[in-house]
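This report refers to the structure that appears directly beneath it.
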Amino acid sequence: MSAQDKPRFATLWLDGCSGCHMSFLDMDEWLLDLAGQVEVVYSPLVDAKEFPDNVDITLIEGAVASREDIEKLLKIRARTKTLIAFGDCAVTANVPSMRNPFGLEAVMKQVYLDSNAIQPQVPTVTVPELLDRVVPVHRIVKVDVYIPGCPPSAATIKSVVSELLAGKKPDVMALTRFGA
Ligand code: SF4
């Protein structure tokens with residue numbers, strides 16, 4: 001816990017479409033309640049540059065597709081108590097893994113060379129080194145809670161976060177089955 005005795009809360013966006021974060025914002029007025037209950041220390045929604053130490057809850061959207069993603073995940077796992085695979089891309093690799101059957105080389109050739117008639121070239125600057133295969137978060141680090149869905153509903157996200165803040169281990173399957 002922080003000096004203010006509030007849980008330290010973070011969200012991260014790896015290889016996803018931001019749809020899970022959009023669903024998070026769909027919690028609407030409950031976001032105000034949440035803001036009163038936690039200290040948001042890192043997220044695409046706030047202006048924090050470095051993932052801090054001693055984070056209580058971190059939601060991770062997106063699959064793992066690059067070496068940069070792996071480095072971020074290892075750091076975040078070491079600094080987070082409860083790490084949540086947030087949405088189907090984090091849980092199963094989902095849409096980003098659709099490139100896996102074709103192989104990285106063939107995909108890069110199709111996207112940057114064959115489909116680009118004006119200036120075909122594979123980018124090498126400011127582009128993270130991609131992994132041969134896209135994998136879900138649990139293939140790299142231990143996951144404590146899974147929230148499936150593409151995206152998960154705002155009600156499900158709210159239920160999971162509420163239970164964690166109440167000191168409970170959420171039963172996400174039950175929450176999802178009954179349409180929470
Ligand atoms: S799970 Fe769906 S909504 Fe979430 S990042 Fe992946 S594709 Fe987007």
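For ligands, and for the atoms within them, numbers begin at 1 and follow the listed sequence. Along the sequence shown, residues carry numbers from 1. Atoms considered below: every heavy atom in the structure, side chains included; atoms not considered: hydrogens, waters and symmetry mates. This is a predicted model, so every value here is computed, not measured.
Residue contacts with ligand 1, taken as heavy atom pairs separated by less than 4.0 Å, involve E61 solely via side-chain atoms from C-beta onward.
Listed for the Q37 side chain is no donor-acceptor partner under 3.5 Å among the backbone atoms of L165.
Atom 2 (Fe) of ligand 1 has C150 SG as protein N, O or S atoms under 2.8 Å away.
Remark: D56 does not engage R8 in a salt bridge, criterion side-chain N to carboxylate O under 4.0 Å.
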*Show your reasoning for whether salt bridge (Lys or Arg N to Asp or Glu O under 4.0 Å) applies to K169 and D171.*
CA-CA 7 Å; K169 173 100 177 177; D171 181 352; over 6 Å; no
_Evaluate F86 against T58 for side chain to side chain contact (heavy atoms under 4.5 Å, CB included), listing each step before the verdict._
CA-CA 9 Å; F86 177 34; T58 299; over 6 Å; no
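Among L130, I140, L14, the single residue meeting the side chain to side chain contact (heavy atoms under 4.5 Å, CB included) criterion with D69 is L14.
Side-chain contact between L59 and F9: present, with at least one pair of heavy atoms (C-beta onward) separated by less than 4.5 Å.
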